[in-house]
Number of protein chains: 2
Amino acid sequence: MSYEGSSGVVSGRQSGRPTLEQVAARAGVGRGTVSRVINGSPRVSEQTRTAVARAVAELGYVPNQAARALAGSRTDAIALVIPEAEARLFAEPYFLDLIRGVSAELAEADKQLLLTLVRSEQERQRFEQYLAAQRVDGVLLASVHGDDPLPDRIRELGLPVVMNGRRSEAEPVPYVDSDNIGAGRAAVAHLVGRGRGRIATVTGPLDMYVARARLGGYRAGLAEAGLAPDEALVSTGDFTEEGGRRAMRLLLDRRPDLDAVFAASDVMAAGARSVLREAGRRVPEDVALVGVDDSPVARLMDPPLTSVRQPIEEMGRTMARMLIQEIAEGPDEPRRHVLPTELVVRRSC
Amino acid sequence: MSYEGSSGVVSGRQSGRPTLEQVAARAGVGRGTVSRVINGSPRVSEQTRTAVARAVAELGYVPNQAARALAGSRTDAIALVIPEAEARLFAEPYFLDLIRGVSAELAEADKQLLLTLVRSEQERQRFEQYLAAQRVDGVLLASVHGDDPLPDRIRELGLPVVMNGRRSEAEPVPYVDSDNIGAGRAAVAHLVGRGRGRIATVTGPLDMYVARARLGGYRAGLAEAGLAPDEALVSTGDFTEEGGRRAMRLLLDRRPDLDAVFAASDVMAAGARSVLREAGRRVPEDVALVGVDDSPVARLMDPPLTSVRQPIEEMGRTMARMLIQEIAEGPDEPRRHVLPTELVVRRSC
DNA sequence: CAACGACGTGGGAGCGCTCCCATCCGGGGC
DNA sequence: GCCCCGGATGGGAGCGCTCCCACGTCGTTG
């Protein structure tokens, strides 16, 4: 005998798994009653419930998902969409952490995760087809650009959406974001506290709200410390290591006297760090460095990088929770969550 | 008017999307004929095909997936299972790369990817339920341990499976693996070529085939170079940074005269590297270092780490391809693919 | 010139559920 | 003692598709 998990699971012959009908027959009740038991309806007597439960166990019955979806017009699945281009950009563990959070929350709610990496316009269109085919009950969108029409398109299809991040200050679609402004302020405040006064920043691409917000936080931090803003201390990167390198070179050119850098991502900080090393600047003695993400890269850098941590997994959980609620209860007023960030101090400043 | 993508997509009112029947009526043909056109059957006249295609476009028809699955008993979806514990262990981008490959191949075949992170025994059981609910046509398993019964259980359910990696030398289930033995040999050969003669290794946990295979490659490499094996030069890690650190300390204790280390992962190499630094050994002057994975960590280390690259994305693609073929054509003889690895030389040796 | 395939086509019969209405039963109120 | 009501139950009617059989309509063969 092989081990069968729950009793009596007749190992899955193609000839077929038991149906509701068969369970009903075995329990000596009607189809409707079994359905009620399976779905936890209260309008069933305790006795009947027990009988049905036993029949289910004996037959190893598992409801057929396709039939359920067809009859009930819900799939118990949600899609998580990740633009492939971004997947390469971001500090690598970002999306894995996000997936982890989403997955954990969905598992609790007994829902499936459909992962969609979108790598071309063609695939994006195909994705819209999937949505129209009613494969999912809702959509989670990771990393949207400022001009992305997808969120609105999905809403037009009548599907609930929650985004990770927002496209602009006034985002109409429900979203979960981290406090990027707070991240910038915390970084600058920390640098100021260490006695730095000529603090530069390497930003992300400014068509992304996240980049603008971190830059805004940087400026707010300077203002709060009574430091004058200086556009020569601001250089635009693109969240890549090479972009960070370029931006850093520019900064050193323009303001060789800078004594600190706030990079809007760890990866760009790594790029900046290599340029600083080539330029003979010591970190942190000559130039202090702060990144964002608190990724493994930060821990492994030499010296280890001070970085602003985002609660990525928690963002994933929150997104999933919001979406599930909207699916269950219909559209609320647009909801938004902004989760706090946290400065993790290491030796780079 | 809002933009509608393809013409006439009546934006998704809950009142409902068009059905096969409606398309048939509009095109003036029968249901069966529309189905044939949608599914690309050749037994339709060119003229009819055109008429149906027009009706489809005009109505913005998209076949309902649930109905299809119910009637046709296939879902066009496959599951990718990743044990959560492993997701933390591995060099982070590993699974993202794997997902990327799988996703790309599935997109081409117009199949959906269901991602399942399994983080507990309870979730594993729930996952088996999903399989029984016939939500997917096949399963891809990432990172299996030596004693994992899941692959066999899935086969018992009658579902095609392909694994990433294998549980032992004689793996009965179809799998895709990288040439781990070759990886170890290449690393050792390179170190020997650089004049090193007292080459140590930090292995992975030896209950995983991948760890045993890399160790086997290391030994084969020594033998080919005519070097005597020495068990004092072998230390077991667990694929974590801390594990690498511990193993390295042990090695330095036992053989302070070692002049090279082959670590079975980049992350462990990073751990080893920090211990070497604390011990005042210079890399590569005193001790040369080689890792496995060619992860971002390798590039960012100081000095950048020589590492054996695995074609992770390609493994993902291959797995998906194998699975799709098995779904389409039924079980073949067990198939296995071992993909070549490649040494990426950097300054650490 | 009749018979016969082959090709195109229409549509019935499910697939296995959920929804919902009709039915049944027992107990309490008058 | 009769009627009414509410809880428990059975089962018909789909959900939208695929499968497959049956039915023309031709062109072809003997």
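Every chain is numbered from 1, with letters handed out A, B, ... down the list of sequences.
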**Message:** Categorize A/Thr48 for me: base, sugar-phosphate, or nothing, with a 4.0 angstrom heavy-atom threshold over every strand shown.
**Reply:** sugar-phosphate
**Prompt:** Does A/Asn39 place a side-chain N or O at less than 4.0 Å from the phosphate oxygens OP1/OP2 of C/dT18?
**Reply:** yes
**Asked** For the pair made of CD1 in B/Ile38 and P in D/dG16, what is the distance, rounded to whole Å?
**Response** 15 Å
**Request:** Give the rounded distance in Å between these two atoms: CZ of A/Arg17 and P of C/dC17.
**Result:** 11 Å
**Message:** Regarding A/Glu121 and A/Arg126, does a basic nitrogen lie under 4.0 Å from an acidic carboxylate oxygen?
**Reply:** no
**Message:** With a 4.0 Å cutoff (strictly under), does any side-chain N or O of A/Thr19 reach OP1 or OP2 of C/dC15?
**Reply:** no
**Message:** For B/Val44 and B/Ala71, find the nucleotide of DNA chain C closest to each by heavy atoms; which residue's nucleotide sits nearer the 5' end?
**Reply:** B/Val44
**Asked** Does a nitrogen or oxygen in the side chain of B/Ser35 sit under 4.0 Å from OP1 or OP2 of D/dT18?
**Response** yes
**Request:** Nearest whole angstrom, please: distance from the P of C/dC7 to the CZ of B/Arg49.
**Result:** 14 Å
**Request:** Report the distance from atom CD of A/Gln22 to atom C1' of C/dC15, rounded to the nearest whole Å.
**Result:** 13 Å
**Complete:** Assign each of B/Thr33 and A/Pro63 the nucleotide of DNA chain C bearing its closest heavy atom; nearer the 5' end lies the nucleotide of B/Thr33
**Prompt:** Taking for each residue the nucleotide of DNA chain D with the nearest heavy atom, is it A/Arg31 or B/Tyr61 whose nucleotide lies nearer the 5' end?
**Reply:** A/Arg31
**Fill in**
Quick note, A/Leu70 side chain, CB onward, closest among C/dT9, D/dT18, C/dG16 is C/dG16
**Complete:** Between CD of B/Glu21 and C1' of D/dG14 the distance, given in whole Å, is 13 Å
**Prompt:** Is A/Arg26 salt-bridged to A/Glu21, going by a charged N under 4.0 Å from an acidic O?
**Reply:** no
**Prompt:** Which of these nucleotides, C/dG16, D/dG11, D/dC17, is closest to any side-chain atom of A/Asn64?
**Reply:** C/dG16
Do any side-chain atoms of residues 67-82 of chain A form donor-acceptor pairs under 3.5 angstrom with protein atoms, and if so which ones, sequence neighbours left out?
{"unit_1": "A/Arg68", "atom_1": "NH2", "unit_2": "A/Asn39", "atom_2": "OD1", "d": "3.0"}
{"unit_1": "A/Arg74", "atom_1": "NH1", "unit_2": "A/Asp76", "atom_2": "OD1", "d": "3.2"}
{"unit_1": "A/Arg74", "atom_1": "NH1", "unit_2": "A/Asp76", "atom_2": "OD2", "d": "2.9"}
{"unit_1": "A/Thr75", "atom_1": "OG1", "unit_2": "A/Ala77", "atom_2": "N", "d": "3.1"}
{"unit_1": "A/Thr75", "atom_1": "OG1", "unit_2": "A/Ala77", "atom_2": "O", "d": "3.4"}
{"unit_1": "A/Thr75", "atom_1": "OG1", "unit_2": "A/Arg135", "atom_2": "O", "d": "3.2"}
{"unit_1": "A/Thr75", "atom_1": "OG1", "unit_2": "A/Asp137", "atom_2": "N", "d": "3.4"}
{"unit_1": "A/Thr75", "atom_1": "OG1", "unit_2": "A/Asp137", "atom_2": "OD1", "d": "3.0"}
{"unit_1": "A/Asp76", "atom_1": "OD1", "unit_2": "A/Lys111", "atom_2": "NZ", "d": "3.2"}

**Asked** In whole Å, what is the span from the CG atom of A/Asp76 to the P atom of C/dG16?
**Response** 19 Å
**Prompt:** Separation of B/Gln65 atom CD from D/dG16 atom C1', in whole Å?
**Reply:** 11 Å
**Prompt:** Donor-acceptor pair, A/Arg167 side chain versus A/Asp148 backbone, under 3.5 Å?
**Reply:** yes
**Message:** The side chain of B/Ala67 is closest to which nucleotide in this list: C/dT18, D/dG10, D/dG16?
**Reply:** D/dG16
**Request:** Take the protein atom CD of B/Gln134 and the nucleotide atom P of D/dC17, then report the distance between them rounded to whole Å.
**Result:** 20 Å
**Fill in**
Out of D/dG7, D/dC17, C/dT9, minimum distance to the side chain of B/Leu20 belongs to D/dC17
**Request:** Measure distances between side-chain N and O atoms of A/Arg36 and base N and O atoms of D/dG10, and say whether any donor-acceptor pair falls under 3.5 Å.
**Result:** yes
**Message:** By the 4.0 Å heavy-atom rule, please label B/Arg68 as base, sugar-phosphate, or nothing.
**Reply:** sugar-phosphate
**Request:** Please determine, by modelled atom types, if B/Arg336 and B/Tyr175 share a side-chain donor-acceptor pair under 3.5 angstrom.
**Result:** no
**Request:** Report the C-alpha distance between B/Arg36 and B/Thr48 in whole Å, list the side-chain angles of each, state the deciding distance to 0.1 Å, and finish with yes or no for side-chain hydrogen bond (donor to acceptor under 3.5 Å, both in side chains).
**Result:** CA-CA 11 Å; B/Arg36 263 166 241 133; B/Thr48 309; over 6 Å; no
**Item:** Phosphate OP1/OP2 of D/dA8: any A/Ser45 side-chain N/O under 4.0 Å
**Value:** no
